[in-house]
Amino acid sequence: MKIAVPVTSSRQIDGHFGHCEFYNVFAISENKEIVDVQKMESPQGCGCKSNIASVLAEAGVTVMLAGGIGNGAINVLNNSGIEVVRGCSGNAEEVVKLYVAGLVSDSGSSCQHTHGEGEDHQCSH
C-alpha cells in the first residue's frame, strides 16, 4: 500500500492540499510498517486542476491523508482510485502510523478555505 500526504518542509501535514510544498509518499509493508518514504514535488496551482492525482495513482498511491481539501480535488483523486481521508493534521509520519493502525477516519468536512491551527495530530480518531 502507498499513502500520500501533502506536507510542509517541517514534515507537518499541510492545512491545504492544493497549496502544499510537496507530498510524502509512504510505502507500507504487509506488516503495516513504513518501509520507504519518497518526496514528490507539488505542481503549482489548485489540486483539482493539476495532474497530481494521475501522477500519484501512477506511483501506486491508493490513500491520501489530507488536512483541508476541496470537493473538486476529492473527486479528481477518487476518480484516479485514491481514497481521501480529510481533517488530518500534525506530523505526517505519526498520522500515517495511526492510519495504518486503524485509528484515523475521515472528518467528513471538505475545505471551505478557512483553516485553524491544528493540534499535534487530528484526524477524527
Side-chain angles (χ1 to χ4, degrees):
M1 169 192 324
K2 288 190 178 178
I3 301 171
V5 184
V7 293
T8 65
S9 58
S10 61
R11 295 188 295 256
Q12 299 296 302
I13 295 177
D14 197 296
H16 194 285
F17 167 81
H19 298 164
C20 72
E21 295 178 45
F22 54 91
Y23 297 89
N24 277 349
V25 177
F26 294 84
I28 309 300
S29 72
E30 290 181 15
N31 295 333
K32 298 185 177 186
E33 296 174 347
I34 297 170
V35 293
D36 188 40
V37 182
Q38 297 290 319
K39 180 178 174 180
M40 186 177 290
E41 295 299 321
S42 175
Q44 296 298 315
C46 176
C48 63
K49 296 178 183 168
S50 73
N51 68 342
I52 193 60
S54 60
V55 170
L56 292 171
E58 287 172 19
V61 171
T62 56
V63 175
M64 168 70 67
L65 301 180
I69 185 169
N71 287 328
I74 292 169
N75 290 337
V76 170
L77 289 163
N78 287 167
N79 289 338
S80 292
I82 300 172
E83 172 192 1
V84 178
V85 178
R86 301 167 287 184
C88 298
S89 65
N91 177 276
E93 184 173 336
E94 293 302 315
V95 173
V96 167
K97 288 177 182 177
L98 290 169
Y99 175 81
V100 171
L103 301 173
V104 173
S105 60
D106 184 72
S107 71
S109 298
S110 296
C111 179
Q112 303 299 319
H113 297 286
T114 57
H115 302 285
E117 292 298 316
E119 297 175 14
D120 283 343
H121 58 266
Q122 175 181 320
C123 292
S124 301
H125 60 269

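To the nearest 0.5 Å, the span separating OG on S80 from CG on N75 amounts to 11.0 Å. Rounding to the nearest 0.5 Å gives a distance of 11.5 Å between CD1 of I74 and CG of N79.
The closest side-chain heavy-atom distance from P6 to M64 is below 4.5 Å. Side chains of V37 and V96 form no contact here, defined as non-hydrogen atoms less than 4.5 Å apart. Here the side chains of V100 and F26 are not in contact, with every heavy-atom distance at 4.5 Å or above.
Scanning both residues, N24 and K39, for their nearest heavy atoms gives OD1-CA, 4.0 Å. For N91 against Q12, the heavy-atom pair with the smallest separation is N-OE1, 3.3 Å. Taking every heavy atom of both residues into account, V95 and V104 meet most closely at O-CG2, 4.0 Å. Pairing each heavy atom of I13 with each of A66, the nearest pair is CG2-C, 4.3 Å. The two atoms that bring E41 and I52 nearest to each other are O-CD1, 4.4 Å, heavy atoms only. Nearest heavy-atom pair, K32 versus I28, reported as atom, atom and distance to 0.1 Å: CA-CG2, 3.7 Å.
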| task | Please assess Y23 against V61 for the test side chain to side chain contact (heavy atoms under 4.5 Å, CB included), listing each intermediate value before the final yes or no. | result | CA-CA 11 Å; Y23 297 89; V61 171; over 6 Å; no

| query | What do the steps show when you test L77 against F17 for side chain to side chain contact (heavy atoms under 4.5 Å, CB included), and what is the final call? | reply | CA-CA 11 Å; L77 289 163; F17 167 81; 3.9 Å; yes

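D14 contributes no side-chain N or O that, together with a main-chain N or O of T8, makes up a donor-acceptor pair within less than 3.5 Å. Proximity of a side-chain donor or acceptor of S29 to a complementary backbone N or O of V35 within less than 3.5 Å is not detected.
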